[in-house]
Amino acid sequence: MTKNSSTTKPDHSIVADYNGYDYKKIFWEDGKRDYEDLADRMAIQKLLPLHMDSFVDIAGGYGRLADEYLGRAKKCTIFDYSKTELADAKKKYGDKISTKAGDIYDLPFKDGSFDGLMMIRATHHFKDMPKVIEELYRILKPGGIAVIEVANKKTLPKMFRYWFKKSSVNPFDKNPSKIDGLTMYNYHPKYIEDLFKKQGFRIKKVLSVSNFRSKTLKNTFSTKFLGKMENVAQPLLAPVRFAPSIYYKLEKPEEE
Ligand SMILES: C[S@@+](CC[C@H](N)C(=O)[O-])C[C@H]1O[C@@H](n2cnc3c(N)ncnc32)[C@H](O)[C@@H]1O
């Protein structure tokens, strides 16, 4: 599990420190998450522009998803807090990728540095999403595209847990929820979408992702079969926003 440590910034001081944590092996390989990995890739393939000059994978870790953007951008960067994750990315991709370490709340990039970015499986670590969204918007060029995955608090299992009094977290309440016992957060789609719009982003497309994230389903059906179902479900179920991962394609408008 990741460790959490405080920094000097009081409002958004939680850093999920992956330094020294073997995220690839422990979470992805030992955790048998082939289906979730496939679901992420399918969504990215649907949303990320085909041709970009400069692109950054925010909180990109060891570059799990680098194959999805390397062929689409002339210059690719992975940004992450964890230097050990970035070292693994560098080991695998060498000169094909630049890496930059830092904290999401204070991105070490100038305004308008990128014409594309993505941030996948990271929002659950961030307490201050308004600040995160402000930073992402700042580093994009006008006309740039952001693909952002959000950990959803309004999923069907969470609804059932609430209705059957197994959890006190109301998934219909728009405010962010903290995962019991962990410094991790889930977000209501409406809360996040209001933030995107308030910041100035245009929501271009939404996908419902990891729709079949269930041990029973994964033990019963092959990844290939679930992948086929997932491919259809991603756009089909987007309007209800019940999946654990909601993907957004956002545009920073051109200056008027
Ligand atoms: C669950 S991993 C996701 C990695 C990658 N996006 C993926 O989908 O495989 C979350 C990542 O967020 C990074 N992270 C956590 N807190 C951060 C912060 N405050 N600033 C920058 N990166 C952070 C971690 O180091 C980790 O690599």
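Start at 1 and go down the list; that is how both ligands and their atoms are numbered.
Close approach of ligand 1 to Phe126 is summarised as follows: ligand atoms under 4.0 Å from at least one heavy atom of the residue are 16 (N), 17 (C), 18 (C), 19 (N). Taking every heavy atom of Gly61 and a limit of under 4.0 angstrom, the matching atoms of ligand 1 come to 27 (O). Taking every non-hydrogen atom of Gly102 and a distance limit under 4.0 Å, the qualifying atoms of ligand 1 come out as 20 (N), 21 (C). Close approach to Ser82 involves these atoms of ligand 1, each under 4.0 Å from a residue heavy atom: 25 (O). Distances below 4.0 Å separate heavy atoms of Asp103 from the following atoms of ligand 1: 18 (C), 19 (N), 20 (N). Against a heavy-atom cut-off of under 4.0 Å, Ala16 is close to the following atoms of ligand 1: 15 (C), 16 (N).
By the 3.5 Å distance cut-off applied to N or O atoms, Tyr18 is not counted among the residues near ligand 1. Polar contact check, His125 against ligand 1: no nitrogen or oxygen pair lies under 3.5 Å apart. The shortest N or O to N or O distance between Arg121 and ligand 1 is not below 3.5 Å. Of the N or O atoms in Arg64, one or more lie within a sub-3.5 Å distance of an N or O in ligand 1. Close N/O approach between Ala59 and ligand 1 is found [any backbone or side-chain N/O within under 3.5 Å]. In terms of polar-atom proximity, Ile58 is not counted as a contact of ligand 1, lacking any N or O under 3.5 Å from an N or O of the ligand. Considering backbone and side-chain N/O of Gly60, none are found under 3.5 Å from N/O of ligand 1.
The shortest non-hydrogen separation linking Asp67 to Arg41 is CB-NH1, 4.2 Å. Between Ser82 and Glu85, the shortest heavy-atom contact is OG-N, 3.0 Å. Taking all atoms of both residues into account, the shortest heavy-atom contact from Ala238 to Leu207 is CB-CA, 4.0 Å.
At least one heavy atom of Phe79 sits under 4.0 Å from some atom of ligand 1. For the pair Phe27 and ligand 1, no heavy-atom separation below 4.0 Å is found. The shortest heavy-atom distance from Tyr105 to ligand 1 is not under 4.0 Å.
Within the 4.5 Å cutoff, side-chain heavy atoms of Val150 are placed close to those of Tyr187. You'll find the side chain of Ile120 reaches within 4.5 Å of the side chain of Leu65, heavy atoms only.
Without hydrogens or angle criteria, Lys153 side chain to Asn175 main chain gives a donor-acceptor distance under 3.5 Å.
Taking the six-membered ring wherever Trp is involved, the centroid distance between the rings of Tyr81 and His125 does not fall below 6.0 Å.
Across Ile120, Asp80, Thr84, heavy-atom proximity to atom 27 (O) of ligand 1 is greatest for Asp80. If you check each of Trp28, Tyr81, Tyr23 against atom 23 (C) of ligand 1, the one with the closest non-hydrogen atom is Tyr81.
Listed by first and then second residue, the salt bridge (charged side-chain N to carboxylate O under 4.0 Å, His left out) pairs involving residues 218-234 are Glu36-Lys218 (not counting sequence neighbours).
Contact annotation: for Tyr62 versus ligand 1, there are no heavy atoms closer than 4.0 Å.
Not counting sequence neighbours, Asp22 has no partner by the side chain to side chain donor-acceptor pair (under 3.5 Å) test.
More than 12 heavy atoms of other residues, nucleotides or ligands shown are found within 6.0 angstrom of NZ on Lys90.
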Requested in this report: Start with the C-alpha gap between Met119 and Leu136, add the side-chain angles, then the distance that decides, and say whether side chain to side chain contact (heavy atoms under 4.5 Å, CB included) holds.
Outcome: CA-CA 9 Å; Met119 188 176 80; Leu136 298 181; 4.0 Å; yes
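Between Tyr23 and Tyr18, the two ring planes are perpendicular [angle over 60°; tilted spans 30° to 60°].
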